[in-house]
Each structure stands twice: as C-alpha cells, then as structure tokens.
Amino acid sequence: MNVVQQKNVETLERLRLQLLKTEKWPLKYMFKFIVPNSNGRVNAVVETLPQGGQTTFKPSKDLHYVSVTHVNNMPSADSIIDAVTRATAIEGVISL
C-alpha cells in the first residue's frame, strides 16, 4: 500500500468513527467530490452514488474539474463509507 492509499484508509477510518457517534439514523449526509472532467469520470462518480437524493454539479472556471455534491438520507455509517470508497476508487477523484 502506498502513502496515498494509506492516508485514504486513515481518513475513511476517522470518518467512520465520527459517523458512529451519530445516534440518529437515517442521517441526511452530503457527499462532495472534486472530479476530473475527462474520460467520463463525472458520470462514473454519479453512478457510484446512492439512489435518490439530490445531485448538483459546479464546473471549475477552466472546466478541468467538476464539483459533485450529492445529498441523501443514508441508513448507516457503513453505507456512507461504502459510497465514498467506491467514488474515490475512480482515478483522480478527491473526497471532501
């Protein structure tokens, strides 16, 4: 595992611990990703997101990147972690 992959694992684990402190589920959660605007990556990220909810897009000034925001009611911490893991597996995608 390289340094970037290790940092991603640590970040996801911190997120999981924060989410587990939530006592009320389902939880309205906002996913936010920065996605390279090439090779169908924006569509690929959208396909990994949970069904339903609301998705918005905001391109960068130079159109090289797109901010993808998705708000949805999520049933558990693991469902959030799974969605983030699937999206960030796409090359160049950054989760905020």
Side-chain angles (χ1 to χ4, degrees):
M1 184 178 305
N2 66 34
V3 175
V4 172
Q5 290 171 326
Q6 181 62 34
K7 188 165 181 86
N8 287 343
V9 168
E10 291 170 2
T11 301
L12 287 174
E13 189 55 36
R14 278 194 308 274
L15 175 60
R16 181 188 311 274
L17 291 174
Q18 289 175 331
L19 290 169
L20 289 175
K21 293 178 184 176
T22 301
E23 296 178 11
K24 186 177 179 184
W25 293 94
L27 173 71
K28 190 175 211 175
Y29 189 79
M30 181 189 314
F31 297 91
K32 191 158 189 106
F33 303 100
I34 303 299
V35 184
N37 192 15
S38 62
N39 300 324
R41 290 187 183 124
V42 174
N43 288 336
V45 167
V46 171
E47 290 174 4
T48 68
L49 297 172
Q51 295 288 323
Q54 181 179 6
T55 306
T56 57
F57 306 91
K58 183 177 179 186
S60 63
K61 288 182 182 181
D62 62 8
L63 301 178
H64 290 147
Y65 295 92
V66 176
S67 169
V68 177
T69 303
H70 180 77
V71 179
N72 205 338
N73 285 320
M74 300 301 291
S76 67
D78 286 336
S79 65
I80 293 170
I81 297 299
D82 289 343
V84 172
T85 300
R86 285 192 310 272
T88 56
I90 298 166
E91 184 181 349
V93 173
I94 300 169
S95 176
L96 302 177

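These numbers come from a predicted model, not from an experiment.
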*Asks:* Can you see which heavy atom on Val68 is nearest to which on Leu49, and at what distance?
*Replies:*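 Smallest heavy-atom distance, with atoms named: CG1-CD1, 4.3 Å.
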
*Asks:* Report the residues that fulfil salt bridge (Lys or Arg N to Asp or Glu O under 4.0 Å) with Arg86, sequence neighbours left out, ordered by chain and then residue number.
*Replies:* none

*Asks:* Tell me, which pairs form a side-chain hydrogen bond (donor to acceptor under 3.5 Å, both in side chains) where one or both residues lie in residues 44-54, sequence neighbours left out?
*Replies:*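 side-chain hydrogen bond (donor to acceptor under 3.5 Å, both in side chains) check on residues 44-54 returns no pairs.
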
*Asks:* Name every donor-acceptor pair, under 3.5 Å, that has one atom in a side chain of residues 25-32 and the other anywhere in the protein, sequence neighbours excluded.
*Replies:*
| unit_1 | atom_1 | unit_2 | atom_2 | d |
| --- | --- | --- | --- | --- |
| Trp25 | NE1 | Thr22 | O | 3.1 |
| Lys32 | NZ | Thr69 | OG1 | 3.1 |

*Asks:* Could you work out, with side-chain contact (heavy atoms from CB on, under 4.5 Å) as the rule, every residue matching Ser38, not counting sequence neighbours?
*Replies:* Pro36, Arg41

*Asks:* Apply side-chain contact (heavy atoms from CB on, under 4.5 Å) to Val46 and Phe57, showing your working.
*Replies:* CA-CA 10 Å; Val46 171; Phe57 306 91; 3.6 Å; yes

*Asks:* What's in the same ILVMFWY side-chain cluster as Leu17, cut-off under 4.5 Å, chained through other members?
*Replies:* none

*Asks:* How many angstroms lie between CG in Leu15 and OG1 in Thr85, if you round to the nearest 0.5 Å?
*Replies:* 9.0 Å

*Asks:* Where do Asn37 and Val42 come nearest, in terms of heavy atoms and distance?
*Replies:* OD1-CG2, 4.0 Å

*Asks:* Apply side-chain contact (heavy atoms from CB on, under 4.5 Å) to Asp62 and list each qualifying residue two or more places apart in sequence or on a separate chain.
*Replies:* Ser60, His64

*Asks:* How close do Ser79 and Met74 get, heavy atom to heavy atom, and via which atoms?
*Replies:*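 What the structure gives for the nearest pair is OG-CE, 3.5 Å.
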
*Asks:* Using the test salt bridge (Lys or Arg N to Asp or Glu O under 4.0 Å), find all partners of Asp82 that sit at least two apart in sequence or belong to another chain.
*Replies:*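 Partners of Asp82 under the salt bridge (Lys or Arg N to Asp or Glu O under 4.0 Å) test: none.
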
*Asks:* Over all heavy atoms of both residues, which pair between Ala77 and Leu20 is shortest? Give the atoms and the distance, please.
*Replies:* CB-CD2, 3.9 Å

*Asks:* I'd like to check the side-chain contact (heavy atoms from CB on, under 4.5 Å) partners of Ile34; sequence neighbours left out, ordered by chain and number.
*Replies:*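 Residues passing side-chain contact (heavy atoms from CB on, under 4.5 Å) with Ile34: Tyr65, Ser67, Ile94, Leu96.
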
*Asks:* Suppose the criterion is salt bridge (charged side-chain N to carboxylate O under 4.0 Å, His left out): which pairs have a residue in residues 67-76, not counting sequence neighbours?
*Replies:*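 Qualifying pairs, neighbours excluded: none.
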
*Asks:* Please determine whether residues Val66 and Val71 belong to a single hydrophobic cluster, defined as Ile, Leu, Val, Met, Phe, Trp and Tyr linked transitively by side-chain heavy-atom distances below 4.5 Å.
*Replies:*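 No: no chain of side-chain contacts under 4.5 Å links Val66 to Val71.
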
*Asks:* With sequence neighbours left out, write down each residue that passes side chain to side chain donor-acceptor pair (under 3.5 Å) with Asp78, or none if nothing qualifies.
*Replies:*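 Scan of Asp78 (side chain to side chain donor-acceptor pair (under 3.5 Å), adjacent residues dropped) gives Arg16.
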
*Asks:* Testing the basics here: between Val84 and Ser95, what is the closest heavy-atom pair and its distance to 0.1 Å?
*Replies:*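 Heavy atoms only, the tightest pair is CG1-OG, 3.8 Å.
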
